[in-house]
Amino acid sequence: MELQLERLHKSEQAAYLLRGIYEQYGYRKYRMGKFEEYDFYTEHKDFLPSGQILTFTDLDGKLMALKPDVTMSIVKRTRATKAAPERLYYSESIYRPSREAHEYREIAQIGVEYIGRVTAHTDAELVTLALKSLACIEDDFILDVSHNGFLSGLFESVNASREAKRDILRCIETKNRHELAALLLAHGIDAAQGESLSALLSLGGGGGMRDDGNSMSGRRGGNGGNNVGDGNGMSGGNGLAGAMAEVRRLAVNGPMRAAADELAALFDVFDGDPLAKSLRLDFSLALDSAYYNGLMFRGYVRSAPRAVLSGGRYDPLLRRMGVADLEAIGFAVYLDEVEASLPQPMCSDCDAVVLYPEHASPALLRRAVEGLITKGLRVRAQAIGDADGTEAARVVYDLAADGTLVEKPRPYGGTHD
Amino acid sequence: MINIALPKGRMGDRVYELFASVGYRCDALQNESRKLVFADEANGVRYLLIKPQDVAVYVERGAADIGVVGKDVLLETGPDVYELLDLGLGVCALAVAAPNGYTEDPDRILRVATKYPNVARRYYAHMNRDIDVIKLNGSIELAPLLGLSDVIVDVVETGSTLRENNLSVRQTIAPSSARLIANISSYKFKRGEIDPMLFALSERKG
């Protein structure tokens, strides 16, 4: 029997299609257990988004945890070397507290990890995989790209307390222009540095490398480049080339210039590629220097209110876990967000119902049902007089005494096509 | 079409007037009605009237693309949204207030009555002060007068309610006013519609 993809739930469809994509690029499925020793996480708790871990005592008295993260378990067991990188994908459940519900949730994730030596080729491969992953979830999607090296380079150059920097970063993450201006003033940040920090909020380049000016055209007047407050503001219509020119202008030290080169090299790869219309440069992606050290990306689809994909370069995690000589990059797709937000296939458990009288021949009924199944229908046989459950079916048949099927007229005139 | 979550009540009326003044009218909304959703196809807006404390929830979960909410609520609930503009309406402050003549005993756990337990906890944790948070839903000023708490953490606009209850502001925690927030994903996909609105509102605000 063939798998009818359109009948699956959206997250099941996505998981099936994503596996196909990752295998096309030579990624191997990695399957792991649900549990990990709790001690493993106590050593690396700062890499987890929440310090809270669901634990239980195993039969031998050992404290175990239901996995709050997959990447750490993969890094722990990696056999990669510089010359022989590992390309893995996984489809697992993780267990984390939900901020909204204040309870633990099982979160279905599918993701890819590349461990070895990360080059410009690898960056391009992972961004391609991320773009293709989003494309198979929904047609309308955006992949925001940022670079941790650029942000940390900029923050290193700013002369302010750690606390002030944290508040400034929070403003950048939330695109909060008004409070950023107040903070810069309150902390006496140098005007040039202040301008650089404010400019990060304005960078929204996307819609391809070429400056076609049409990608974000406004509803009113269609100029797409309306700014808020400053003269170079919230355009987004400049394309990646325009955004990259601004990134180069803002790069004032070695780490920032290196990051700008890396971003430029990545965007060059996608020059002219149809996928590039969904690429954006956005520095509001949270800076998590404990985890990420290079490229970061986050993916959105139109129907989901939150990101459905997140990832980046995570060498610091490898170094902390004693894999000092390797580099890694990866991302996860949040299937629970996909499931919760995207339209699901019509909720019916069968296409056809065959109504049969109690005295009907079981052999004739079986033959009739099998005939419909062979045509690719999902069929339920139901005795006449049983509780009516025929509303969701596309077609309802009566089983005649000679074993033929007689289509019953439906109130709404629906017929089997 | 942009879905806009407005806080029900006086603040919502003022915010709607601001939106209407820059071209986002929806005449149906001005007619007295018990409806909660008002759309104006021509202007490309759909207004949703929502309890002020719930606006950020609607926006964070994408039921509304943008919304208007007080900074006090954002500080308390910490939703994952973009905060795009300070509308300069409903200006007030989150503050600690105590009965006139009250002297704090630093050797005792401070009893704090508030509608904003998270704000209060963060503020006193920053000062390394142990507190006992008493979560109330209204008439906070009553708590210290009846000995339920030592101080209160609440929004203060003109201070007249405090004065009438023989209380005064001791410390200001954070300024507050109405903020325009956006769902992170909606902002990315509807930026072409939201940015012109943002621009018009910021121009109008001066």
Side-chain angles (χ1 to χ4, degrees), chain A residues 99-100 138 140-144 163 167 170-182 201-202 204 206-207 214-230 233-237 278 280 282 284-286 298-308 337 340-341, chain B residues 1-3 22-24 42-45 56-66 71 74-75 77-88 126 174-206:
Chain A
R99 191 171 65 89
E100 288 136 358
E138 197 173 18
D140 203 357
F141 61 94
I142 285 174
L143 185 71
D144 278 346
E163 201 177 346
D167 292 343
R170 180 72 191 139
C171 287
I172 293 170
E173 285 171 4
T174 55
K175 297 192 186 285
N176 187 336
R177 198 172 284 271
H178 44 280
E179 284 182 3
L180 177 64
L201 272 76
S202 310
N214 295 325
S215 54
M216 302 291 277
S217 58
R219 183 174 63 89
R220 283 151 198 258
N223 61 354
N226 281 320
N227 306 329
V228 176
D230 59 13
M234 314 187 63
S235 71
S278 302
R280 302 275 186 279
D282 191 332
S284 70
L285 261 68
R298 200 165 293 165
Y300 301 86
V301 294
R302 185 177 276 275
S303 299
R306 284 176 277 238
V308 295
E337 289 290 344
S341 313
Chain B
M1 178 71 80
I2 311 179
N3 294 307
V22 295
Y24 296 92
N43 286 318
V45 286
V57 178
Y58 275 74
V59 174
E60 185 180 21
R61 289 177 170 256
D65 299 313
I66 61 172
K71 181 70 181 178
L74 293 177
L75 287 170
T77 56
D80 197 9
V81 293
Y82 287 144
E83 186 183 323
L84 299 176
L85 192 63
D86 180 353
L87 294 173
H126 188 67
S176 177
S177 54
R179 307 292 163 94
L180 181 75
I181 58 171
N183 174 268
I184 290 177
S185 183
S186 294
Y187 185 58
K188 293 179 190 302
F189 290 98
K190 296 189 176 178
R191 198 164 171 177
E193 294 164 83
I194 296 173
D195 272 356
M197 178 185 278
L198 197 55
F199 176 67
L201 289 169
S202 62
E203 287 283 292
R204 177 79 183 183
K205 195 174 79 75

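Below, chains carry the letters A, B, ... as their sequence lines are ordered, and counting in each starts from 1. Quick caveat: nothing in here was measured; it's all calculated off a predicted structure.
For chain A, the nearby part of B:N183 is the side chain; its heavy atoms alone come within less than 4.5 Å. Interface residue A:D144: only side-chain heavy atoms are found under 4.5 Å from chain B. Neither the backbone nor the side chain of A:E337 comes within contact range of chain B; no heavy atoms are under 4.5 Å apart. Residue A:V301 touches chain B through its backbone alone, counting heavy-atom pairs closer than 4.5 Å. For B:V57, no part lies near chain A; criterion is any non-hydrogen pair under 4.5 Å.
Under the 4.5 Å side-chain criterion, counting only non-hydrogen atoms from C-beta, A:R280 is not in contact with B:R191.
A distance of 8.5 Å separates NZ of B:K188 from CZ of A:R298, quoted to the nearest 0.5 Å.
More than 12 heavy-atom neighbours from other residues, nucleotides or ligands sit within 6.0 angstrom of OH on B:Y82.
Ion pairing between a basic and an acidic side chain is recognised when a charged N comes within 4.0 Å of a carboxylate O; B:D80 and A:R306 show no such pairing.
Between B:V81 and A:T174 the shortest heavy-atom distance is O-CG2, 3.7 Å.
Panel note: side chain B:S185, backbone A:A304; a donor-acceptor pair is recorded below 3.5 Å.
Applying the ring-ring contact (aromatic ring centres under 6.0 Å, His included) test to B:F189 and every residue at least two apart in sequence or in another chain returns nothing. In this structure, the salt bridge (charged side-chain N to carboxylate O under 4.0 Å, His left out) partners of B:E83, at least two apart in sequence or on a different chain, are B:K71, B:R179.
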